[in-house]
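See structure below.
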Amino acid sequence: MGNDSDIFMNRLSVNQEFQGNFSYKYGMRKIDKELYIHNLGTNVQSYVASKNWNEYKREEFRNAYERYMDALKKDRLSADDFGNITDSKGELSNVDGDDYWYDNKGNRISGAEYRALSVRKQKKYRAFYANKEVATYFNEIAKAIVNRRYSHNM
């Protein structure tokens, strides 16, 4: 999966027009929240396309993305130096609201259907952690902004 990320990062378009209103804490650095939101919105389609997800996973990602974006706009999110995102209200985590499992052909079943399967059949399915995928995407954009900003100032 590092390959997918590398392909995406090569196509990343980070706008560096700073407004001077630093309000998103990313580790020891602060980045302009409006710049961050702009770049998240500008790059999300390329990021999702680079993942080659099926329609269901794209839907789950979109739902989680909207929850994270809402929290960001309400100043609830910050990240540490390792990119771990914290929600000041504690509403967002690696566990998301969608409880679906996927087989290797992209077929989706609900969590209840998954738990009803025998252990042998459960092994054919994998969960998709949309919140974790969104947190990874948010981290990649923030890291790119910070890296480009501070590499140009040296």
Side-chain angles (χ1 to χ4, degrees), residues 1-15 23-27 29-148:
M1 282 200 197
N3 243 352
D4 287 344
S5 181
D6 293 342
I7 291 168
F8 168 71
M9 290 308 288
N10 289 334
R11 293 186 295 184
L12 180 63
S13 171
V14 176
N15 178 335
S23 60
Y24 181 74
K25 185 174 179 275
Y26 184 76
R29 313 271 191 204
K30 290 186 179 181
I31 59 177
D32 181 284
K33 185 174 78 169
E34 294 306 316
L35 172 73
Y36 186 39
I37 289 169
H38 170 78
N39 283 289
L40 286 165
T42 301
N43 291 289
V44 69
Q45 295 300 330
S46 296
Y47 181 78
V48 171
S50 75
K51 294 298 195 170
N52 294 317
W53 290 328
N54 66 26
E55 175 185 338
Y56 297 127
K57 289 181 181 180
R58 289 191 309 264
E59 175 188 344
E60 284 191 58
F61 181 88
R62 186 173 40 255
N63 292 339
Y65 175 85
E66 289 171 5
R67 289 189 296 268
Y68 269 75
M69 189 59 76
D70 183 58
L72 175 63
K73 289 177 179 176
K74 292 178 179 174
D75 294 323
R76 290 178 19 210
L77 301 183
S78 63
D80 64 16
D81 288 325
F82 301 104
N84 298 314
I85 296 175
T86 302
D87 176 9
S88 63
K89 281 188 150 184
E91 294 176 8
L92 300 174
S93 67
N94 280 343
V95 178
D96 55 59
D98 298 314
D99 183 21
Y100 295 111
W101 293 76
Y102 298 88
D103 66 12
N104 61 1
K105 296 175 184 159
N107 297 314
R108 176 169 84 167
I109 61 173
S110 71
E113 290 170 313
Y114 172 79
R115 288 182 287 282
L117 294 173
S118 68
V119 173
R120 183 179 60 80
K121 288 186 178 180
Q122 283 180 351
K123 291 179 182 178
K124 296 179 181 180
Y125 289 86
R126 297 282 177 252
F128 177 71
Y129 300 104
N131 279 3
K132 182 178 177 185
E133 292 291 342
V134 170
T136 299
Y137 171 64
F138 273 47
N139 183 49
E140 287 184 22
I141 295 295
K143 188 173 11 177
I145 291 170
V146 167
N147 287 345
R148 291 187 184 174

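Count residues from 1 along the sequence.
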First locate atom [atom1] of [X], then atom [atom2] of [Y], and finally report the distance between them rounded to the nearest 0.5 Å.
X    : Y    : atom1 : atom2 : result
I109 : R115 : CD1   : CZ    : 9.5 Å
R108 : E60  : CZ    : CD    : 6.0 Å
R62  : E55  : CZ    : CD    : 8.5 Å
R58  : N63  : CZ    : CG    : 13.0 Å
R148 : N39  : CZ    : CG    : 9.0 Å
Y26  : D81  : OH    : CG    : 8.0 Å

Legend entry - Residue pair K74, K89: steps toward the side-chain contact (heavy atoms from CB on, under 4.5 Å) verdict: CA-CA 11 Å; K74 292 178 179 174; K89 281 188 150 184; over 6 Å; no

Inset, instruction - Mind telling me whether F61 and Y137 have parallel, tilted or perpendicular rings, with 30° and 60° as the class edges? - result: perpendicular

Identify the two heavy atoms, one from [X] and one from [Y], that lie closest to each other, and give their separation to 0.1 Å.
X    : Y    : value
L77  : L92  : CD2-CD1, 4.1 Å
A135 : Y68  : CB-OH, 4.2 Å
G83  : N139 : CA-OD1, 3.1 Å
L117 : Q122 : O-NE2, 3.5 Å
D32  : L35  : OD1-N, 2.7 Å
K33  : K73  : NZ-O, 3.3 Å

Charged N to carboxylate O below 4.0 Å: is that the case for [X] and [Y]?
X    : Y    : value
K124 : D103 : no
D87  : R67  : no
K57  : E133 : no

Legend entry - Close side-chain approach of V48 to Y65, heavy-atom, < 4.5 Å: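 Sidechains of Y65 and V48: no contact.
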
Inset, instruction - Check whether any side-chain heavy atom of H38 lies under 4.5 Å from a side-chain heavy atom of E34, and answer yes or no. - result: no

Inset, instruction - Assert yes or no for the condition that the ring centre distance of Y100 to Y56 is strictly below 6.0 Å. - result: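 Between Y100 and Y56, the centre distance exceeds or equals 6.0 Å.
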
Legend entry - Distance flag, aromatic centroids of W101 and Y125, threshold under 6.0 Å: no

Legend entry - Expected output: side-chain Y47 to main-chain V134 donor-acceptor under 3.5 Å: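 Looks like no, no N/O pair under 3.5 Å.
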
